[in-house]
Amino acid sequence: MNAIIAQLKDCFEQALVAAFGSEFAGTDPILVPASNPKFGDYQCNVAMSLSKRLGKNPREIAAAIVEHLNVDDLCEPPSIAGAGFINLTLKPAYLEAQLRQMQTDSRLGIAPTKYPKRTIVDFSSPNIAKEMHVGHLRSTIIGDSIARVLEFLGHDVLRINHLGDWGTQFGMLITHLKQAYPEALTTANALALGDLTTFYKQAKQRFDEDEAFRETSRLEVVALQAGNPETLKAWHLLCEQSFLAFQEIYELLNIKITNRGESFYNPLLAGVVEDLAKLGLLVEDQGAQCVFLEGFTNKEGDPLPLIIQKSDGGYNYATTDLAAIRYRTQQDQAERIIYVTDAGQANHFMQVWQVARRAGWVPENVELVHVPFGLVQGEDGKKFKTRSGDTVRLRDLLDEAVSRARQDLETRLEAENRQETEEFKAHAADVVGISAVKYADLSQNRTSNYIFSYDKMLALQGNTAPYMLYVYARINGIRRKGDIDFEQLGANYPIVLQEELELTLAKHLLGFDEILSAVEADLMPNRLCQYLFELSQKFNQFYDRCPILQAAEPQRTSRLILADLTARTVKLGLSLLGIAVLERM
RNA sequence: GCUCCAGUAGCUCAGUGGAUAGAGCAACCGCCUUCUAAGCGGUCGGUCACAGGUUCGAGCCCUGUCUGGAGCGCCA
């Protein structure tokens, strides 16, 4: 609907053909937002790039384009500046009409995609019998946000939790369970593993110290692979306990995800090996079944193998990942498969994908994407740990954020002499605390490491969740004060954009769809954060200098509409980041 | 040794081949009898790691170097 830039591009493509002939059809007009507001709103840089091809100087070319350009409905007359830039400024009347459309649309003028893709977002992926820790934070938050954006744009998204629920470590876990909690296998609901981490550590410790325990564990792995009912029951109990613990975290974070762990692909692994052998890709090396990779070498410079089946006959994660790719392309019919994992797995994915492609399991139209992210570091720049040096449990991390948000809130209420109910305080602290954690993570370019700081993420000023939540609450303050019903606003008054700050805000509001398209393509939620932060700043500037409730009509209603659109955009934008809003805070 | 990622203001970070590289924080100076000052305005702050190259134009693309991080055969 808005798609301002798309409309302008069309105009320029037509002008290029009209000016220079049909062989210029499809030339990218290099239309981008203006680098500086003094140049207008958009600039076309195509004239410089055509200079050599046309044998003319760029300003001449720009003039010829402008002569054939028809953007009268959208823009003021274009101007040519500098080396041959064509500068465009949107007409207030056009902006007003666009805002009106945005106002009357529950999707704020953002059309669903014309090309919905079956998409898998593979994220979070904790391990059974271990608690979720800080290492799962980024995948969970970033993956959820990417899924939300794609869902909103109309893609058919499968959110997959590729849980670590299979493999050799289950030998020791099952053995420990059977020995330490024998009643769990015979009595329903007898098992309540309050602390999975302790359970895991105990099992690990016995595994490391006790030869007999190790041998039993090894046999349990075999029994598990063979489908022994008692072993499977123990495995199942461990999974169930873990799901409960994970679910608590997902509810706290308001995240929906479908569990489909590594065990799901277990029955398919033998087929993967078989088919790779049939395709002639498999080579036995030192007893293991391998595919030798193109473009990867080991320390000696020899081709690097990807091990598909270990020398003991067992499978490893490459096998599982291959089975998953095949299942996702063939059974799920996925066209875009997005893996949200730490950057350290980049090599692994390149290797597995190469094999999957060589095996013909990835059709041409299917896109495999790794969405890498950096490590979470403490304020000292080292790996984020507790004071005692342990890994930080996700639960504790979130509780701490909420508790700090609660303290900030209490302090402020006291300073302002406000009385609020316990319910209000608890809810506000929850929303602010969780939002702060999510926003701090999402607002950074995910490829770099991320320094975790409660103080910075909970700060009331700067590019933080509280700053944006405040804008939303502030607009609701106006609504309450003026007793305004935003739903019934303004059919009887026009939208009028006169003040510079009104125009700036309006233009920013209308750029929302372009940002979502960018996030859809490059899967960088920090762009959405940047957009919302700039929107909040622009609203606050507008609010600071343009009276709303005290203004005379039609300005009053017009400004209320700008406020309403800002609130709705902030609410929608934050929801796509997985962040809730507060009417008051 | 090889592969991948990063290097931009004192700190934390944005930056889509385009014009004079931007925010926030910190520091300093202003603005509340006026819709929530959790706000707004201003000042200060730069060898975009380094050296070449491509281009009309490079923080961005290419090559090399340096620094930091991650990974590199039977863990995931």
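Lettering follows sequence order; numbering is per chain, from 1.
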Quantified in whole Å, what is the P atom distance between nucleotide B:rC48 and nucleotide B:rG22? 14 Å
Any residue meeting side chain to side chain donor-acceptor pair (under 3.5 Å) with A:Asp342, in chain and number order, not counting sequence neighbours: A:Gln345
How long is the straight-line distance from CG of A:Asp408 back to CG of A:Leu458, given to the nearest 0.5 Å? 6.0 Å
B:rG39, B:rC40, B:rA19: which one has an atom nearest the side-chain heavy atoms of A:Ala81? B:rA19
According to side chain to side chain contact (heavy atoms under 4.5 Å, CB included), who are the partners of A:Val32, at least two apart in sequence or on a separate chain? A:Gln43, A:Asn45
Rounded to whole angstrom, note down the C1' distance from B:rC5 over to B:rG46. 24 Å
With under 30° as parallel and over 60° as perpendicular, where do the rings of A:Tyr339 and A:Phe349 fit, or are they tilted in between? tilted
Rounding to an integer number of angstrom, what distance separates B:rG71 and B:rA9 when you compare their C1' atoms? 33 Å
Give A:Tyr543 one of three labels, base, sugar-phosphate or nothing, depending on what nucleic acid heavy atoms sit under 4.0 Å from its own. base
Could I get the full list of salt bridge (charged side-chain N to carboxylate O under 4.0 Å, His left out) partners for A:Arg559, not counting sequence neighbours? A:Glu502
A:Arg527 meets the salt bridge (charged side-chain N to carboxylate O under 4.0 Å, His left out) criterion, sequence neighbours left out, with A:Asp522
Validate the cation-pi geometry between A:Arg474 and A:Phe539: distance from NZ or CZ to the six-membered ring centre under 6.0 Å, angle to the ring axis within 45°. no
In whole angstrom, give me the gap between the C1' atoms of B:rG18 and B:rC40. 32 Å
Glycosidic conformation of B:rC32, syn or anti, with 90° from 0 as the boundary? syn
Side-chain H-bond candidate by donor/acceptor type, A:Glu534 with A:Gln530, under 3.5 Å: yes
Could you state the CZ-C1' distance from A:Phe539 to B:rU36, rounded to the nearest angstrom? 11 Å
How many Å lie between OH on A:Tyr439 and P on B:rA23, as a whole number? 16 Å
With rounding to whole Å, what would you report as the distance between B:rU3 and B:rG73 at their P atoms? 16 Å
What interatomic distance, in whole Å, is found between P of B:rG64 and the corresponding atom of B:rC75? 35 Å
So that I can tick it off, tell me whether A:Glu499 and A:Arg545 are bridged by a salt bridge, with the cut-off set at under 4.0 angstrom between side-chain N and carboxylate O. no
Within this structure, what is the CE-to-C1' distance between A:Met350 and B:rC5, rounded to whole angstrom? 10 Å
Gap between atoms CG and P, on A:Asn57 and B:rC56 respectively (whole Å): 15 Å
Within the structure shown, what part of the strands sits under 4.0 Å from A:Cys546 by heavy-atom distance: base, sugar-phosphate, or nothing? base
A:Leu276 and A:Val272: side chain to side chain contact (heavy atoms under 4.5 Å, CB included), yes or no, with the steps? CA-CA 6 Å; A:Leu276 287 173; A:Val272 166; 4.0 Å; yes
Under the side chain to side chain donor-acceptor pair (under 3.5 Å) test, residues paired with A:Asp208 that sit two or more places apart: A:Lys204
Within residues 548-567 of chain A, the residues having a heavy atom closer than 4.0 Å to RNA chain B are A:Ile548, A:Leu549, A:Gln550
Per-nucleotide protein contact string for nucleotides 12-18 of chain B, where B marks a base within reach and S marks sugar-phosphate only (heavy atoms under 4.0 Å, - for neither): SSSSS-B
Residues in salt bridge (charged side-chain N to carboxylate O under 4.0 Å, His left out) contact with A:Glu583, at least two apart in sequence or another chain: A:Arg479
Just call it for A:Phe533: base, sugar-phosphate, or nothing, with non-hydrogen atoms closer than 4.0 Å on any strand. sugar-phosphate
What integer distance in Å separates A:Asp544:CG from B:rG42:C1'? 13 Å
Non-hydrogen atoms of A:Ala405 and A:Val432 that approach each other most closely: CB-CG1, 3.9 Å
Quick check: on RNA chain B, is the nucleotide nearest A:Asn36 upstream (toward 5') of the one nearest A:Ala346, or the reverse? Name the residue that is more 5'. A:Ala346
Atom-to-atom span, CG of A:Leu50 to C1' of B:rC56 - whole angstrom: 12 Å
Within this structure, what is the CZ-to-C1' distance between A:Arg545 and B:rG39, rounded to whole angstrom? 12 Å
Using side chain to side chain contact (heavy atoms under 4.5 Å, CB included) as the criterion, list what pairs up with A:Lys425, not counting sequence neighbours. A:Arg406, A:Leu409, A:Glu410, A:Leu413, A:Glu420, A:Glu422
In dot-bracket form, how is RNA chain B paired, counting a Watson-Crick or G-U wobble pair only if both its distances are under 3.5 Å and using | for bases paired to another strand? (((((((..((((....[...)))).(((((.......))))).....(((((..]....))))))))))))....
Give the C-alpha distance, both sets of side-chain angles, the deciding distance and a yes or no for side chain to side chain contact (heavy atoms under 4.5 Å, CB included) between A:Leu523 and A:Arg446. CA-CA 10 Å; A:Leu523 310 174; A:Arg446 55 177 166 69; 4.2 Å; yes
Using only heavy-atom distances, decide whether a donor-acceptor pair under 3.5 angstrom links the side-chain of A:Asn87 to the base of B:rA19. yes
Whole-Å distance separating the CG atom of A:Leu532 from the P atom of B:rG24: 16 Å
Do nucleotides 70-76 of chain B as a string where each nucleotide becomes B, S or -: B if the base has a protein heavy atom under 4.0 Å, S if just the sugar-phosphate does, - if no protein is that close. S-SBBSB
Rounded distance in Å between the P positions of B:rA26 and B:rG41: 16 Å
Mind checking what makes side chain to side chain contact (heavy atoms under 4.5 Å, CB included) contact with A:Ile451, not counting sequence neighbours? A:Gln377, A:Glu379
Please measure how far the P atom in B:rG53 lies from the corresponding atom in B:rC60, and state the result in whole Å. 14 Å
